[in-house]
Amino acid sequence: MQVDILSSLTETQREAVTHIDGPLLMLAGPGSGKTRVVTHRIAYMLTQGINARNILALTFTNKAAEEMKLRIDRLVPGQRLWMGTFHSFCARLLRQYGNLVGLADNFSILDTKDSKKAIQTAIDEARLDLSHASLDTIIWEISNAKSNLRTSEEYERESGSKFSGVSEITRQVYPVYEKFLLRSNAVDFDDLLLHVAVMLRDHPELRHDLDQRYKYIMVDEYQDTNLAQYAIVRALSLSDQNLSVTGDPDQSIYAWRGASISNILEFEKDYPEARVVRLEQNYRSSKRILNAADLLISNNKQRKQKVLFTENDEGEPVKLVCFPHPNDEADAIAARIASEVQRGKRSLRDYAIFYRVNAFSRPLEHALMKQGIPYQVVRGLEFFQRKEVKDLLSYLQLINNPANDVAFYRVVNLPARGIGKKSLEHVINHAQRYQLTMLEACREAGLIEALSKRAATAINKFVTLVDVLTASIHQPISELLVMVVDESGYGDFVDAQDAKADEDRRGNVDELINAAREFEREMEESSLESFLEHVALVSDADGMDADPDRVTLMTMHAAKGLEFPSVFVVGIEHGILPHERSLEDPAAEEEERRLLFVGITRAEQQLQLSYCQRRTFRGQTRIASPSQFLYELPREEMECQIPTGGLSAIGLGSLAGLGSEYELEPDFHDDGHADFVEDQSQEHMQLPPEPGTSLPAGLEEITTQLQTASQLAGTAQSKLAPSAYQTGMLVSHAEYGSGVILAITGKGPKRTATVRFMDQEERKFRLAFAPLTRVDHADDEQSQAFTQD
DNA sequence: TATTATCCAATTTTT
DNA sequence: TTGGATAATA
């Protein structure tokens with residue numbers, strides 16, 4: 001057995017696998033067989049007599065957990081160890097010890113939508129004024145605080161001195177939201193981690209017990225842990241420092257969600273005893289693909305140097321292609337897939353198409369459909385997000401946890417049963433006055449004077465409905481669901497809608513009931529509570545590995561951890577990848593580069609990168625320019641189908657010092673783009689970029705010059721980086737016309753310009769957001785002539 | 001109170 | 001272009 005486990009490994013891999021005691025850091029490049037090492041390591045531990053119940057393996061996705069469980073079971077069958085996501089592990093702990101942080105064991109887990117509702121409700125109840133901050137910003141701020149282990153009190157204390165609109169308002173919203181959650185006996189995703197971290201911090205005995213229990217801890221994708229996760233792991237590995245973490249700093253693509261890459265970068269500082277093992281040999285990609293990835297990522301400053309190598313073949317050249325428009329891009333890809341599959345070269349499941357934003361799937365889907373090519377779009381949560389499903393689940397939530405006000409609000413008048421806004425307001429007042437949950441308050445509907453007879457009756461009926469359903473709480477979930485559908489009138493409601501609008505919502509209802517049946521069959525413990533936890537923490541994308549023979553479409557984020565023989569990455573354009581919202585911040589920009597790195601390293605044999613010259617987005621067609629990342633690739637060994645003059649005809653190529661190397665290849669006209677060279681040169685020479693399409697710093701100036709020269713119109717304008725605006729500069733605003741900058745104050749996103757316009761009015765603008773464009777020797781009428789499409 | 005109109009904003013999203 | 005969230009109306 002033991003021999004089996006070790007014999008198939010390389011020297012380095014074996015080193016990692018056999019290191020059991022003491023901290024271990026595994027730096028695993030893409031395709032380096034990391035999962036293999038991790039699973040073999042656990043298997044090895046088990047054969048060494050370590051008790052499975054002392055092992056805790058934490059992953060980020062259910063998929064990863066499932067995969068590993070399966071593989072371990074193949075090596076060492078029948079062992080039961082805890083392998084799961086951080087969130088499900090925390091949920092389990094909280095079911096047991098949640099009372100320490102004020103949670104009853106039937107607490108609800110709110111998904112992002114629910115928590116948004118909850119925040120909104122909390123804001124309304126407290127009658128807070130959001131003033132200038134948007135709800136989304138506040139949600140983000142709270143989530144961030146939680147990920148960084150800052151409870152509402154701590155947030156209040158620490159941001160007290162800061163003068164910022166967002167933290168100002170968040171300071172008020174955060175505690176109100178927290179109270180709302182506790183009152184509702186509910187947690188959001190971030191809370192799962194935060195509560196556990198706080199619990200471990202404040203209860204040393206419990207921490208100690210759990211530390212003893214989980215003697216061997218393993219964390220996958222450690223580069224994606226946030227501070228809360230870090231603290232949890234740390235707290236559980238104090239007495240026994242048998243902590244092994246795996247990850248790759250170059251694949252950290254979730255910093256925007258609070259992951260702190262420093263956790264992995266500084267592991268050796270945290271655990272000076274740590275053994276470090278580097279898995280650098282790649283078993284996945286061809287030499288050329290790996291080389292492209294390596295060269296790209298070497299442009300990042302924030303990283304651990306690492307040598308990637310492979311003994312795989314040289315492989316086909318990586319392709320870099322420019323298309324006139326996303327429709328052409330999509331058509332060409334579909335055509336190539338169709339022809340290769342037809343020739344029997346590959347099957348559909350070998351192909352994946354990656355993009356930066358979900359919206360880009362559209363032209364691709366269109367083209368694939370036209371060609372009759374089966375495909376699947378991987379989108380995180382589809383099914384459980386649908387209205388009908390959420391509605392019914394809310395009934396279940398309310399039955400399971402009567403304090404769950406979010407669920408209450410969702411279903412109280414669904415289908416309509418005469419409990420309107422006015423009536424609810426009265427109930428809310430009552431609830432607030434006597435510190436009741438909404439359902440409790442409803443039970444006292446008769447006592448609320450402001451309520452009309454009719455409203456009170458309706459409310460009483462609703463309460464009875466909930467009570468009747470609650471009586472069946474121990475029935476199998478599918479049966480309970482059927483009861484909900486029938487008794488609540490929701491079924492009829494949906495049927496009526498379907499009949500009217502020719503939809504199939506009923507189908508979704510049935511699908512949910514099926515999902516419940518499935519759950520009952522598969523899980524040994526199928527309580528209502530566990531079902532609700534399951535649907536909250538397990539997205540349906542996890543289950544879709546059924547491996548049908550289809551082309552796969554997904555974002556690069558979703559692609560992490562996967563591999564495909566042939567990969568297309570589309571829309572590698574400036575402002576898309578890197579995304580425009582990452583342009584101001586070098587760290588964010590490096591993350592975008594890592595994202596492309598992840599995309600590229602998914603490919604085994606074929607890789608095609610592409611960008612377009614124009615892109616229709618949100619109904620508007622705009623000029624697009626190639627991403628700066630494309631200049632960082634090993635052009636010499638790639639096959640480029642790009643227009644004369646470089647990556648873009650404007651001359652950006654020469655700026656990057658690559659100039660003539662980027663000439664159009666002779667075979668370029670092959671697939672029906674014959675007219676496209678002239679086409680683009682015209683476009684680029686005559687149209688200035690849209691005001692909204694900012695170019696990379698530096699490039700921008702050149703473009704401006706070229707346009708100016710070619711047009712002799714004497715006018716050019718462009719949106720600048722906030723730092724580029726200066727006092728005295730002439731600017732233009734779509735609404736107010738042109739003006740002059742009188743003063744500039746503030747820093748970063750708060751950098752603000754005071755502008756005096758022609759009408760003598762002075763207005764202030766945040767430069768990061770302001771629709772201001774710089775005007776070069778031109779008056780406002782001329783400059784506006786170019787802002788139209 | 002329920003449907004319809006209008007306006008607004010818009011990455012990525014393991015859980 | 002699209003979805004979601006208010007506002008206006010029957």
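Atom set for the values below is all heavy atoms of this structure, side chains included, hydrogens, waters and symmetry mates excluded. Just so we're on the same page: letters track the sequence lines, and every chain starts at 1. Keep in mind that what you see is a predicted model, and the values were worked out from it rather than measured.
At whole-Å resolution of the value, CG in Asn62(A) and P in dT14(B) are 10 Å apart. Between the NZ atom of Lys560(A) and the P atom of dT15(B) there is a distance of 11 Å, given to the nearest Å. Per the geometry, CG belonging to Asp224(A) stands 17 Å off P belonging to dT12(B), to the nearest Å. Atoms CD1 (Ile139(A)) and P (dA9(B)) sit 15 Å apart, rounded to a whole Å. Between the C1' atom of dT14(B) and the OH atom of Tyr222(A) lies a distance of 17 Å, rounded to the nearest Å. If you measure from atom CD of Glu573(A) to atom P of dT12(B), you get 15 Å, rounded to the nearest angstrom. The distance from atom CD1 of Ile119(A) to atom P of dA5(C) is 14 Å, rounded to the nearest whole Å. Rounding to whole angstrom units, NZ of residue Lys116(A) and P of dA9(B) are separated by 12 Å.
Cation-pi geometry between Arg92(A) and Trp82(A) is met: the NZ or CZ atom falls under 6.0 Å from the ring centre, inside 45° of the normal. Figure legend: Arg417(A) and Phe462(A) shown without cation-pi pairing, the cationic atom not lying both under 6.0 angstrom from the six-membered ring centre and within 45 degrees of its axis. With Phe617(A) as the aromatic partner, Arg362(A) does not meet the cation-pi criteria of under 6.0 angstrom to the ring centre and within 45 degrees of the ring axis.
In this model, no donor atom of one side chain and acceptor atom of the other lie less than 3.5 Å apart for Asn144(A) and Ser147(A).
Looking at the side chain of Phe189(A), the nearest of the listed nucleotides dT15(B), dT13(B), dT11(B) is dT15(B). With distances taken from any side-chain atom of Lys113(A) to the nucleotides dT13(B), dG4(C), dA10(B), the minimum falls on dG4(C).
A distance cut-off of 5.5 Å between ring centres, combined with a plane angle under 30°, places Trp256(A) in a stacking arrangement with the base of dT12(B). By the 5.5 Å and 30° criteria, His87(A) is not stacked with the base of dT15(B).
Both Ser134(A) and Asp190(A) lie close to DNA chain B; mapped to their nearest nucleotides by heavy-atom distance, the more 5′-ward contact belongs to Ser134(A).
Taking 4.0 Å as the cut-off between side-chain N and carboxylate O, Glu590(A) and Arg303(A) do not count as a salt-bridged pair. With salt bridges taken as basic N to acidic carboxylate O contacts below 4.0 Å, one links Glu533(A) and Arg95(A). For Glu178(A) and Lys146(A), the salt-bridge test passes: some basic side-chain N is under 4.0 Å from an acidic carboxylate O.
Within residues 353-362 of chain A, the residues approaching DNA chain B are Arg356(A), Val357(A), Asn358(A), by heavy-atom distance under 4.0 Å.
Checked against Val406(A) for a side-chain contact (heavy atoms from CB on, under 4.5 Å), the options Leu181(A), Leu110(A), Thr121(A) give a single hit: Leu110(A).
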request  = Before giving the answer on salt bridge (Lys or Arg N to Asp or Glu O under 4.0 Å), spell out for Arg257(A) and Asp224(A) the whole-Å C-alpha distance, their side-chain angles and the decisive distance to 0.1 Å.
outcome  = CA-CA 9 Å; Arg257(A) 264 184 108 267; Asp224(A) 287 334; over 6 Å; no
Extract from the structure each pairing of a protein N or O with an N or O of nucleotides 1-8 of chain B at less than 3.5 Å, listing the distance.
{"residue": "dT1(B)", "atom": "OP1", "partner": "Gly420(A)", "partner atom": "N", "Å": "3.4"}
{"residue": "dT1(B)", "atom": "OP1", "partner": "Lys421(A)", "partner atom": "N", "Å": "3.1"}
{"residue": "dT1(B)", "atom": "OP2", "partner": "Gly420(A)", "partner atom": "N", "Å": "3.1"}

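For the OP1/OP2 pair of dT15(B) and a distance below 4.0 Å, the side-chain nitrogens and oxygens of Thr112(A) include no atom meeting the criterion. Taking only side-chain nitrogens and oxygens, Arg622(A) never comes nearer than 4.0 Å to OP1 or OP2 of dT1(C).
Phe86(A) comes within 4.0 angstrom of nothing in the nucleic acid, heavy atoms only.
Within 6.0 Å of atom NZ in Lys461(A), 12 or fewer heavy atoms from other residues, nucleotides or ligands are found, so the atom counts as exposed in its surroundings.
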